[in-house]
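It should be emphasised that the depicted structure is a prediction, and the values quoted were computed from it without experimental measurement.
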2 protein chains.
Amino acid sequence: MKIDKGLLGGSTLLLLLSLLAESDRYGYEIIKELEHRSDSTFQFKEGTLYPVLHKLENNGYVRSYMAKGDAGKERKYYQITNQGKKQLVEEKKQWQIYSMAVNKVIGGDAHAFA
Amino acid sequence: MKIDKGLLGGSTLLLLLSLLAESDRYGYEIIKELEHRSDSTFQFKEGTLYPVLHKLENNGYVRSYMAKGDAGKERKYYQITNQGKKQLVEEKKQWQIYSMAVNKVIGGDAHAFA
DNA sequence: TATTATACCTAGAAGATCAAGGTATTAATA
DNA sequence: TATTAATACCTTGATCTTCTAGGTATAATA
């Protein structure tokens, strides 16, 4: 495929960077937020998410810092970097190309992304 | 995830069953057809496609038969079964749910599938 | 004749995801 | 108060998908 399914799965990277572009978030929060926003379509497992976040950090797309929330519990927050923002733009482009291609093949017509 | 990425990858199954629902096709033809229809977004490798077709056959979604094309070369044609057609309906549903969920998360709005 | 395109295949590697476990803190319940 | 559930982080090993890289053989083209 032209679309790189390698490097962090189908849309995983796109979803995570999108959320982090809005605000800093910690791992557990990301799982709950994705579940909520997608009406439970996305149910990331911790065993999936944490390694991905570590990889994102190694790749320079995000950085992390420890902080205490309202609860008093230490959390590891992730913040998107400039490099991560660039990657996000690229991922969005790829997603649009990909989803339009699928729709074209299955006959579901374009439903063009404005 | 709720969407089963297991059992034959993200949209691979959907794409193959869609093409086979239109007409019987042989492997090499499927690769070229997907490449053409998607403006080269999809470039399935033979090492990817053939094992998947064999699995589809084992699962009862397709059956195969040998036939000579115009050229005189033997080709292995795949034909969708009733079970395959049922699965295709399911896959289409899942794709719509999945792509809408992604769009919702990334803020790209619904672009609802009519 | 040699090369390219067609047409099928497999084995091994790489990568993504999950299942299943672990630890520790806080909140809710019995 | 004791126990359970929820929060919050993590890793290891297994599984599944896909790709790389090979192999074989025929037909068309240069």
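Using a 3.5 Å distance cut-off with no hydrogens or angles, the side chains of E91(A) and Q87(A) do pair a donor with an acceptor. In this model, a donor atom of one side chain and an acceptor atom of the other lie less than 3.5 Å apart for Y98(B) and S11(A).
Among residues two or more places apart in sequence or in another chain, the ring-ring contact (aromatic ring centres under 6.0 Å, His included) test is passed with Y50(B) by none. Considering only residues two or more places apart in sequence or on other chains, K85(B) meets the side-chain contact (heavy atoms from CB on, under 4.5 Å) condition with I80(B), N82(B).
For dT11(D), the OP1/OP2 oxygens have a side-chain nitrogen or oxygen of H54(A) closer than 4.0 Å. For dC9(D), neither phosphate oxygen OP1 nor OP2 lies less than 4.0 angstrom from any side-chain nitrogen or oxygen of Y28(A). Between T12(B) and dT18(D) there is a side-chain polar atom (N or O) within less than 4.0 angstrom of OP1 or OP2.
R37(A) has a carboxylate O that lies under 4.0 Å from a charged side-chain N of E33(A), or vice versa, which qualifies the two as a salt bridge.
Put simply, CD on E57(B) is 13 Å from P on dC8(C), counting in whole angstrom units. The CG-P distance, from L53(A) to dT11(D), rounds to 11 Å in whole Å. In this structure, the CZ atom of F44(A) is 7 Å from the P atom of dC18(C), given to the nearest Å. Regarding L13(A), its CG atom lies at a distance of 15 Å from the C1' atom of dT17(C), rounded to whole Å. When the P atom of dT26(C) is taken as reference, atom CD of E74(A) falls 10 Å away, rounded to whole Å. As a whole-Å value, the separation of M66(A) CE from dT25(C) P is 13 Å. When the P atom of dT17(D) is taken as reference, atom CG of N58(B) falls 13 Å away, rounded to whole Å. In this structure, CD1 of I31(A) is placed 14 Å from C1' of dA19(C), rounded to the nearest angstrom.
The nearest heavy atom of DNA chain C to K32(B) and to G47(B) marks one nucleotide each, and the one closer to the 5' end goes with K32(B).
Closest to the side chain of Y50(B), out of dT10(C), dC10(D), dT11(D), is dT10(C). Closest to the side chain of K76(B), from the set dC8(C), dT10(C), dC9(D), is dC8(C). When distances are taken from the side chain of K45(B) to each of dC9(C), dC19(D), dT17(C), the shortest belongs to dC19(D). Comparing dC9(C), dT17(C), dA16(C) by their nearest atom to the side chain of K55(A) picks out dA16(C).
Side-chain to base pairing of E46(B) with dC9(C): one donor and one acceptor N or O lie within less than 3.5 Å of each other.
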